[in-house]
Colleague: 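Okay, here's the structure, questions in a sec.
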Amino acid sequence: MIYLDNAATTPLDESVLKAMLPYLKGVFGNPQSQHFAGREAAGAVLSARDKTADIMGCAPDEVYFTSGGTEAGNTALKGVCAAAGKGKIVLSAIEHPALLDSAEDMKKFGFIVELVKPGINGIVNPDDVARAVTDETVFCAVMHANNETGVIQPVEDIGKICSERKVFYYCDCVQSAGVLPLNAGICDAMGVSAHKFYGPKGAGALYIRRGANIARLMSGGRQERGFRGGTHNVAGIVGLAAALENAVNNAQANNKKIASLRDGFVERALFEIAGTHLNGDALNRVPSNANISFDGCDGANLLFLLDLAGVAVSTGSACSAGATTPSHVLTAMGLGETRAKSALRFTFGKYNTAREVDEVVLALKTAVGKIRK
Ligand code: PLP
């Protein structure tokens, strides 16, 4: 099996599992409890919070542990809207559904939503964000790196625009955490998810700037300073911090290795298979991602044949009611429906090898040939 879907999720690192195991077994106390068992668990959460805050570039009391990136995005967008009561939401058209669908939900309460499209290279122009952010705007989200194309966005410039206009800016860092430096200073809130950097699924962190005008979504216990009730997922939180620390400490070496595999693959795929097109800016992207369209092929069929050959990749298209809709990211970039539907996303990780690249190129040539025939 060759796994090239690391943007969907990554395997749990052995060292992360080791760090988590005590909290799945012996140390089972509830961090809220007042006795020794609770204190032991609370100590682990405290230490994970300190590590996470340090890496995100914020204070420990600005970190809220969540179930992942979806909850982080929902909490930021809906929490700001609930506190504001009315207004406009500005999102890039290439955000993850965690943001796009949350904004759609807010329309029912009278909020106005404007989507800002990127250019053909997949990059959102800060001037377009500046035009969309008006006096009524209460929330803006433009992600750090896109999950389909890997294209990196000018988030510092967008953060500046929002800060000058006193608009709450959420930066989805799910695809960039552990790969690019995180800087809470450029935004009001930022979300990361452990399973994207070799940590456990169902564990994430949300930074929210101290003093931001935001309502909580999860009422209940006093966990997370009363903002997010619910018993802590202690092992998940410990795993998140361990995985993030690991990823950041090894980012330079891993990025170099992954980029070299990805670049070798792209070069060969584009050169050895006719009618192929790289989608999104070639240089300004995270090291793992290659999004390629194959003329005369349907991405879903190609994925199926590669799956049969033991290669795991992904399409950006969504399947609903038996019909596939082309990727909202590629279509927002201005690529036509045919090109968008013929795209596959290959995302490399630290466990891939050069030999696998050779095998994938071969499998790809065979699959494309079969479909085109
Ligand atoms: N945001 C982005 C950019 C993502 O790629 C994903 C997951 O694919 C999410 C948010 C959702 O994260 P989670 O799976 O932790 O809910």
Side-chain angles (χ1 to χ4, degrees), residues 3-12 16 52 56 63-78 91-105 115 118 122-124 139-153 155 158 169-180 182 187 189-207 217-218 228 230 233 236-237 239-241 243-244 247 280 285-291 312-319 327-330 332-333 343 345-349:
Y3 187 76
L4 289 185
D5 202 11
N6 287 278
T9 196
T10 52
L12 187 69
V16 176
T52 308
M56 287 176 115
V63 170
Y64 299 84
F65 290 118
T66 68
S67 62
T70 302
E71 185 188 325
N74 269 261
T75 302
L77 188 148
K78 292 175 181 171
L91 304 178
S92 86
I94 57 169
E95 291 303 295
H96 187 272
L99 278 302
L100 290 171
D101 290 1
S102 290
E104 200 58 35
D105 290 348
L115 301 183
I123 300 174
V124 175
F139 182 91
C140 175
V142 179
M143 70 209 318
H144 196 187
N146 182 262
N147 46 303
E148 289 191 30
T149 61
V151 171
I152 300 164
Q153 304 300 325
V155 291
I158 292 166
Y169 173 45
Y170 177 71
C171 190
D172 180 335
C173 294
V174 169
Q175 292 291 338
S176 60
V179 178
L180 306 174
L182 299 177
C187 57
M190 160 197 292
V192 304
S193 177
H195 73 103
K196 307 291 187 181
F197 43 82
Y198 307 90
K201 291 168 184 59
L206 169 64
Y207 146 76
L217 298 187
M218 202 72 85
R228 199 257 189 189
N233 170 9
I237 289 167
L240 165 94
L244 191 55
R285 64 203 298 157
V286 288
S288 54
N289 182 296
N291 188 308
V313 298
S314 144
T315 66
S317 55
C319 220
S327 144
H328 73 281
V329 174
L330 300 183
M333 284 161 57
R345 178 186 73 177
F346 305 84
T347 45
F348 293 77

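One-based numbering, in listed order, for ligands and for the atoms of each.
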Colleague: Near T70, which atoms of ligand 1 are under 4.0 Å from a heavy atom of that residue?
Modeller: 11 (C), 12 (O), 13 (P), 16 (O)
Colleague: Against ligand 1, does K201 come closer than 4.0 Å with any heavy atom?
Modeller: no
Colleague: Say whether, by atom type as modelled, one donor and one acceptor occur between the side chain of R228 and the main chain of T66 under 3.5 angstrom.
Modeller: no
Colleague: Can you tell me which residue and heavy atom of the protein come closest to atom 15 (O) of ligand 1, and the distance to 0.1 Å?
Modeller: S193 OG, 2.6 Å
Colleague: Donor-acceptor pair, Y169 side chain versus V142 backbone, under 3.5 Å?
Modeller: yes
Colleague: Would you confirm whether E95, through its side chain, and M143, through its main-chain N or O, come within 3.5 Å as a donor-acceptor pair?
Modeller: yes
Colleague: Donor-acceptor pair, Q153 side chain versus G122 backbone, under 3.5 Å?
Modeller: yes
Colleague: Among protein heavy atoms, which lies nearest atom 5 (O) of ligand 1, and at what distance?
Modeller: Q175 NE2, 2.8 Å
Colleague: Given 3.5 Å as the limit, does a donor-acceptor pair link the side chain of K196 with the main chain of A8, or not?
Modeller: yes
Colleague: Could you find the nearest protein heavy atom to atom 14 (O) of ligand 1 and give me its residue, atom name and distance?
Modeller: H195 NE2, 3.0 Å
Colleague: Provide the number and element of each atom of ligand 1 under 4.0 Å from a heavy atom of M143.
Modeller: 3 (C)
Colleague: Just which atoms of ligand 1 are under 4.0 Å from any heavy atom in D172?
Modeller: 1 (N), 2 (C), 3 (C), 10 (C)
Colleague: Determine whether a donor-acceptor pair (N or O, by modelled atom type, separation under 3.5 Å) exists between the side chain of T10 and the backbone of H195.
Modeller: yes
Colleague: Among protein heavy atoms, which sits nearest to atom 13 (P) of ligand 1, and what does the distance come to when rounded to 0.1 Å?
Modeller: G69 N, 3.5 Å
Colleague: Would the distance check show the side chain of R345 and the main-chain N or O of N147 forming a donor-acceptor pair, the cut-off being under 3.5 Å?
Modeller: yes
Colleague: Where is the nearest protein heavy atom to atom 4 (C) of ligand 1: which residue, which atom, and how far?
Modeller: H96 CD2, 3.3 Å
Colleague: Taking distance alone, with N or O pairs closer than 3.5 Å, would you say A98 contacts ligand 1?
Modeller: no
Colleague: Using a 4.0 Å heavy-atom cut-off, which part of E71 comes near ligand 1: side chain, backbone, both, or neither?
Modeller: neither
Colleague: In terms of atom number and element, which parts of ligand 1 are under 4.0 angstrom from non-hydrogen atoms of G68?
Modeller: 15 (O)
Colleague: Among L12, T9, V16, N6, find the residue that satisfies the side chain to side chain contact (heavy atoms under 4.5 Å, CB included) test when tested with Y198.
Modeller: N6
Colleague: Give a yes/no verdict on whether any heavy atom in K196 is under 4.0 Å from an atom of ligand 1.
Modeller: yes
Colleague: Taking N291 for its side chain and E148 for its backbone only, find out whether a donor-acceptor pair lies under 3.5 Å.
Modeller: yes
